[in-house]
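Right, one structure below, let's go through it.
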Amino acid sequence: MTRGPRRATVKDVAALAGVSPKTVSNVMNETAFVRPDTRERVLAAVEELGFVPNLSARSLRNGRTGVIALALPDLATAFSADLLHRVVQVAHERGMVVQIEETAAEPQREYDLVSRAREHQIDGLILNPIRLKDSIIVHDDQLPPVVLIGEVEQHKVDRVLIDSRQGGYEVTKHLLERGARRIATLGGETGAHDATATSIQRLEGYHRALAEHGIEADPKLEVYVEEWSMVGGAEAAAELLERDTSFDAIVAFTDSIAFGAMHVLDEHGISVPGDVMMTGFDDVEHARFMNPSLTTIGLNRHAFAEAAVDLLLTRISDRTSPPRAVAIPHELVVRASTTR
C-alpha cells in the first residue's frame, strides 16, 4: 500500500529552526516568552514544513482545544470578509484554529457560543456585538475568555477598538474644509430606535465637527441605514433624494454604504465629487478602485486582528488580570471623491 508523505513533527520543526522541541512548543502554545528572532525562525520552519499541531494531543495535555471562535454580525460585508481572513491568518500563525459564526440580529447565537466554550469545545471567543444591551456580556457574570471588537463600550472584558467618534469627526471636518456646508449622513440619525454603538459614535463625531463650524445639524440630512451594505446605501441615498432637501456632501458610515449611494447618485445625474462629495469608512480594497476613488477612514486591519487574537490568547492563559482596551490607530485617506 502506498503511503502519503510523512507528517512533519515538532522535532522536525525544531531541527530546521535550530531550537529545542520545547521552544517550538512554547511558540505554538504561547506558554512562555520566546525572543522575537527565535520565534520568527520557528514560524518560518512551521511554514516551510507545513507543520500542523496535533490539537487532540494538546487538548489532553492542557485541557484546551486549540480552537477559538470569531462571531461577526454580517459575514457578507467587505470589511468582515477582510477581517475574517486576517484573524484566521494570525490565529494559524499562533497554532490555533478559528470557528466562524454570524450573529446577525440574533443575540442568542452569542449565548450558544459561550455555551460551547463552557463545554470546552472552544477555548475562547472574539465577539462583535452591535448593541451592548443585547449582548451576553451584560447578562452573564461567569464568562469564558472573551474579547470584544468594535465600538461597544464596556469595562468587563478585553476589547479592541477604533475611535469611531474621532473618525466621524475627521471625515466631516475634511468635507467642511473643502467647502461643504450641507453634509448628509448615511448610517445613523438622531434618536434612531435601536441604533448601533458604531452609528451613535460616528454620528456624534459628525455633530461635533458641524458644531465647531457653527452649523446646526439638520435631521433631514440624517438617514438611518438598517443594513450596512451596498443595497442599504443605495436605499438610503434614494430616501435622501426623496426628502427633497439640498446637500453638497455625504458622510457614509461604511465604504459599502458609500458604494451603493454613489450608484444611485450617478443614476440621477449627480456627479461625485462635482455636485456632491462623498466619504466612507473602513478603506476596504474596492475603495481605491472605484471611479472616483473613495475618501475614507482607514486602519491597519492586520494589527486589529493581531491585537484581538493576542488579547484572547493572553486571557485564555490568565483569567485574573484586569480587562484591557487596545485602540488601533486610524487615518483619513483622501482620494478623488472629495477632490474638486
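Residue numbers start at 1 and run along the sequence shown.
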Please check if any side-chain donor atom of [X] sits under 3.5 Å from a side-chain acceptor atom of [Y], or the reverse.
| X | Y | value |
| --- | --- | --- |
| D74 | S80 | no |
| H174 | E170 | no |
| R182 | T245 | yes |
| R39 | T23 | no |

For residues [X] and [Y], report the shortest heavy-atom separation together with the two atoms involved.
| X | Y | result |
| --- | --- | --- |
| F253 | S199 | CE2-O, 3.5 Å |
| V284 | F79 | CG1-N, 3.8 Å |
| P273 | P292 | CD-CG, 4.4 Å |
| L186 | G233 | CD1-O, 4.3 Å |

#### Entry: For A217, side-chain contact (heavy atoms from CB on, under 4.5 Å) partners two or more places apart
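A217: side-chain contact (heavy atoms from CB on, under 4.5 Å) contacts with H207, L210, E222.
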
### Query
Under 6.0 Å from the six-membered ring centre of Y169 and within 45° of its axis: does the NZ or CZ of R208 meet both?
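Yes; both conditions hold, so R208 lies above the ring face of Y169.
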
#### Entry: Face-on cation placement of R86 at F304 ring, 6.0 Å and 45° thresholds
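No cation-pi geometry.
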
### Query
Do other residues, nucleotides or ligands put more than 12 heavy atoms under 6.0 Å from the CD atom of E226?
no

### Query
Just how far is it from atom NE2 of H302 to atom CG of L83, taken to the nearest 0.5 Å?
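Between H302 NE2 and L83 CG, I get 11.5 Å after rounding to 0.5 Å.
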
### Summary
To the nearest 0.5 Å, atom OG1 of T296 lies from atom CD of E331 at 10.0 Å

### Query
Does the salt bridge (Lys or Arg N to Asp or Glu O under 4.0 Å) test come out yes or no for D158 and R324, once each step is laid out?
CA-CA 5 Å; D158 300 311; R324 295 173 54 200; 5.8 Å; no

### Criterion salt bridge (Lys or Arg N to Asp or Glu O under 4.0 Å) on D37 and R35, from CA distance to verdict
CA-CA 6 Å; D37 58 335; R35 290 177 52 183; 3.4 Å; yes

### Task
Identify whether I183 and I270 are in the same connected component of the hydrophobic contact network (ILVMFWY, side-chain heavy atoms under 4.5 Å).
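They do share one cluster, since a chain of ILVMFWY contacts under 4.5 Å joins I183 to I270.
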
### Message
Quick check: is V309 connected to V98 through a chain of hydrophobic side chains (ILVMFWY, heavy atoms under 4.5 Å apart)?
### Response
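In one cluster with V98: V309, yes.
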
So does [Y] get a backbone contact from the side chain of [X], meaning a donor-acceptor N/O pair under 3.5 Å?
| X | Y | answer |
| --- | --- | --- |
| R202 | V251 | no |
| D275 | S271 | yes |
| T338 | V334 | no |

### Message
For a 4.5 angstrom cut-off between non-hydrogen side-chain atoms, does L241 reach H268?
### Response
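In short, these two side chains touch, coming nearer than 4.5 Å.
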
### Query
Less than 4.5 Å apart, any side-chain heavy atom of T185 and any of L203?
yes

### Query
What pairs with R335 under salt bridge (Lys or Arg N to Asp or Glu O under 4.0 Å), at least two apart in sequence or on another chain?
D283

